[in-house]
Each structure stands twice: as structure tokens, then as C-alpha cells.
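Since the structure comes first, as C-alpha cells, the remarks are kept for the end.
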Amino acid sequence: MTEKAAGPLLPQIYNGGMRFRQIEVFHAVYMHGSISAAARALGVSQPSVSKTLRHAEDILGCSLFQLVRGRLVATDEAHALVREAGDIFDRLASLQQTARNLSQTGGGHIRLGTVPSLALDVLPQAMAQFRRDWPRVTFEVHTYHHDDLVRSLIERETDVAIAYTPPPHPRLTSAPLAQGELVVFAPANTFGNVDGRLPLERLADRDLIGVAATGPIGDVLTRAVHSGGITYREAVSVQTFFIAARLAQLEGGVTVIDEFTARASQTRDFTWFRSDPALDFTVSWVTLEDRPPSKIVGQFLRTFGDVLETVRAVTS
């Protein structure tokens, strides 16, 4: 059967032809490569797997596996089925993981989306701290640019997202975790002796490394420089705060990035400065309005908020 001819397979799944157990068994055999390995993974007998797989093939009207030189080999139809129904199998794997974890006391599975700058240092700290108390909770972490976080929630790729200053959305609900600031990241000797905050006017007429995909917090800097009549040259524009920080270090340049990336990237010769006026933003969690955080997610968010406050308490 060619890939083009595989189209009728998908309606057989969606229209109730294949049962959940048959999909689960097929997926296990496909992933593990044998009836015996699939049976062990599912915790059932080999005859049970073979029987369920035969029923699935009867419903689809085609063979999904063939025995070749003593080995079970997936057919073109099986490959096509996995390609066409990839989302179903991804969700099945997530469901199986969640079921395994929930069967254990204190277990659970958290699908988390976050901006790259928080994933650099703060998120690993929070996860490590949380897992010391909740070792049976597992995580699936995705990093997205700001606009993609909303999509990940709506398309149910993630259960909760952590974002900077999330905009209002009719399908989402959010709550603040902590405050943050954009800061000036530069070689330590760039501005001479800085007593307290660095006046934003000190950026005037400089070459800066800009960050394009920052969402609403990019507007914080834009509003401040426009209000102060400050102009500078954006020599390079990149997509993440981390790239901006690393490029600044390599070139001895100046950039304006979030304080969490700056804290994780600072060295003896490269540091960050709070600005005057302050470039404040909010770190918030976000979920679908009809899917509030579970108990275990709520516990993790409290830990994450505590870690944020601890990190912010450390001066540069």
C-alpha cells in the first residue's frame, strides 16, 4: 500500500472503528518492535497483544506487521498510520505517562511551556527544588517565543505556561508569580562608576544588540526610550535574550535583556545594570480558562514563585 493510498486509515480511527485499546496495542508493538516487548510494556500476555492486534487489522482491512526473517516488521500501512495519526499517539504516550505517575502516591506529570530566558537557569532551579520534595512527578518542558505560548495552551500541547506580561485573552486565565526588570547588560567598565541605577539616557547614540521576539516586554523599553527622547542604533537584532547576551559578551557590546538571563550570564568582566526609569514587567502563569491548574501544578507554581523571589533578592 502506498503512502497516498493510506488516507482511508485515519477515518477508521476517528469514526469509532478502532477502539482505544487497539490503538494502544498497535502503538506499543510499533514502538517496541515485537509482540513480547509490547506485552511486557503493557503488562499483559503475548496472546492478548496478538489477538488485539489481529482485531485492529481486521477493522482496517490491512496488515500492520509482517514476519520477515523471524523479525516483526511494520508495513507501509503501519508507517502511514503513525504519520497520519501522530498527534493521537503523542497524546497516548502522555496519557500513559500520566496514568503511571498518578498510580503512585505523590505522582503526576506536568507539561510546561515557558520563554527561553526562564528556561536558562530559573526553571531548572525550580524543578530541582520541587523534585526533591516530589520525586515521582515528571516534567515535559517546552520553550516558546512569547506568542507561541498562547498557541501551545489552546492546542493543548502544554498544561500551563509561564510568560512575561501575558496579554489578555478570552480563553486564558493568568495570575502573577513575581516582578522582573529589563536591565542593561554590558562590559563592567562601559559606563564607568555607576552609583545605583543607570540613567537610560546613557544608551543614547550607542550601538545596541536588539531582541525582536520578546512580546509585550519589548514594548516596555520602546515606551521608555520614546518618552525620554532617547535614540540609539540597533546594530543587530536577534530572537532571544540569551543570544543577545552571548553576542554582547563576544563583541564587548551592549544590550537590554531580562534580568534572569543577565544574572545567569554575568561574569567578572561582564555585568548588568538596573535602569532609571525602571523597566518593570510581570512574570505570570497562564492556563486555559476551562482547565485550571491541578493540585500538583499549583504546588510547582508556588515553588517557581519562591525561586523567582530568591533569585531576585541576590544583587549583581
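This chain uses plain numbering: 1 for the first residue, then up along the sequence.
Of all the heavy atoms in Arg202 and Leu198, the pair that sits closest is CG-CD1, 3.8 Å. Among all heavy-atom pairs drawn from Gly113 and Leu149, the shortest one is C-CD2, 3.6 Å. What you find for Thr287 and Val160 is that their closest heavy atoms are CG2-CG2, 3.7 Å. For Pro187 against Gly253, the heavy-atom pair with the smallest separation is CD-O, 3.3 Å. The two residues Thr190 and Ala186 make their nearest non-hydrogen contact at OG1-CB, 3.8 Å. For the residue pair Ala126 and Val307, the shortest heavy atom distance occurs at CA-CG2, 3.8 Å.
With sequence neighbours left out, the salt bridge (Lys or Arg N to Asp or Glu O under 4.0 Å) criterion links Arg233 to Asp207. Checked against side chain to side chain donor-acceptor pair (under 3.5 Å), Asp148 has no partners two or more places apart in sequence or in another chain.
Residues Leu177 and Leu172 are members of separate hydrophobic clusters, defined by side-chain heavy-atom contacts under 4.5 angstrom among Ile, Leu, Val, Met, Phe, Trp and Tyr. The hydrophobic clustering, which links ILVMFWY residues whose side-chain heavy atoms are closer than 4.5 Å, places Trp285 and Ile154 apart. Residues Leu67 and Val73 do not share a hydrophobic cluster, defined by chaining ILVMFWY side chains whose heavy atoms lie under 4.5 Å apart. Residues Val29 and Ile59 share a single hydrophobic cluster, defined by chaining ILVMFWY side chains whose heavy atoms lie under 4.5 Å apart. Residue Leu221 is grouped with residue Leu247 when hydrophobic side chains (ILVMFWY) are merged at heavy-atom distances under 4.5 angstrom, including chains of intermediate members.
Residues Thr114 and Thr143 are in side-chain contact: their nearest non-hydrogen atoms beyond the backbone lie under 4.5 Å apart. No side-chain heavy atom of Val137 sits less than 4.5 Å from a side-chain heavy atom of Gln299. Counting heavy atoms from C-beta on, the side chains of His32 and Arg40 never come closer than 4.5 Å. The side-chain heavy atoms of Leu288 and Arg156, taken from C-beta on, include a pair separated by under 4.5 Å. Side-chain contact between Phe260 and Leu118 is present, with at least one heavy-atom pair separated by less than 4.5 Å. A 4.5 Å side-chain heavy-atom check between Leu60 and Glu77 finds every atom pair outside the cut-off. Considering only heavy atoms from C-beta on, Arg246 stays 4.5 Å or farther from Val238 through its side chain. The shortest distance between side-chain heavy atoms of Phe241 and Thr255 does not fall below 4.5 Å.
Looking at Ser117 and Tyr164, their side chains do bring a donor and an acceptor atom within 3.5 Å of each other. For the residue pair Trp272 / Glu259, no side-chain donor-acceptor distance below 3.5 Å is found, with atom types taken as modelled.
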*Decide yes or no on side chain to side chain donor-acceptor pair (under 3.5 Å) for Thr75 and Ser63, but give the supporting numbers first.*
CA-CA 7 Å; Thr75 63; Ser63 296; over 6 Å; no

*For the pair His169 and Val286, evaluate side-chain contact (heavy atoms from CB on, under 4.5 Å) and give the outcome as yes or no after the intermediate values.*
CA-CA 10 Å; His169 190 283; Val286 190; over 6 Å; no

*Evaluate the side-chain contact (heavy atoms from CB on, under 4.5 Å) criterion for residues Glu181 and Arg274: first the C-alpha distance (whole Å), next the side-chain angles of each, then the deciding distance (0.1 Å), finally the verdict.*
CA-CA 8 Å; Glu181 283 188 57; Arg274 297 184 189 275; 2.7 Å; yes

*asked:* Applying side-chain contact (heavy atoms from CB on, under 4.5 Å) to Gln179 and Thr282, what does each step give before you reach the verdict?
replied: CA-CA 5 Å; Gln179 290 297 113; Thr282 303; 3.1 Å; yes

*Evaluate side-chain contact (heavy atoms from CB on, under 4.5 Å) for Val256 paired with Leu203, printing each intermediate quantity in order.*
CA-CA 10 Å; Val256 178; Leu203 299 182; 3.9 Å; yes

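Tested against Phe139, the residues Phe300, Trp134, Phe304 include a single ring-ring contact (aromatic ring centres under 6.0 Å, His included) partner, Phe300. Between Leu112 and the choices Leu301, Asp159, Val297, Leu123, the side chain to side chain contact (heavy atoms under 4.5 Å, CB included) rule is met once, by Leu123.
Distance check, rounded to the nearest 0.5 Å: CG of Leu53 to CG of Leu72 gives 7.5 Å. Between the CD atom in Gln249 and the CG atom in Asp269 there is a gap of 10.0 Å [rounded to 0.5 Å]. Taken from CZ in Arg111 to OG1 in Thr158, the straight-line distance is 6.5 Å, to the nearest 0.5 Å. To the nearest 0.5 angstrom, Leu279 atom CG is 12.0 Å from Asp219 atom CG. To the nearest 0.5 Å, atom CD of residue Glu289 and atom OG of residue Ser174 are 10.5 Å apart. Separating the CG atom in Leu153 from the CZ atom in Arg151 is a distance of 9.5 Å, to the nearest 0.5 Å.
Listed for the Arg206 side chain is no donor-acceptor partner under 3.5 Å among the backbone atoms of Val254. The closest donor-acceptor contact from the side chain of Ser265 to the backbone of Thr261 lies under 3.5 Å. A donor-acceptor pair under 3.5 Å is absent between the side-chain atoms of Gln129 and the main chain of Asp306, judged by distance alone.
Relative orientation of the Phe185 and Phe270 rings is tilted, given thresholds of 30° and 60° on the angle between their planes.
At a threshold of 4.0 Å, the pair Arg21-Glu24 counts as salt-bridged, since one of the basic side-chain nitrogens sits closer than that to a carboxylate oxygen.
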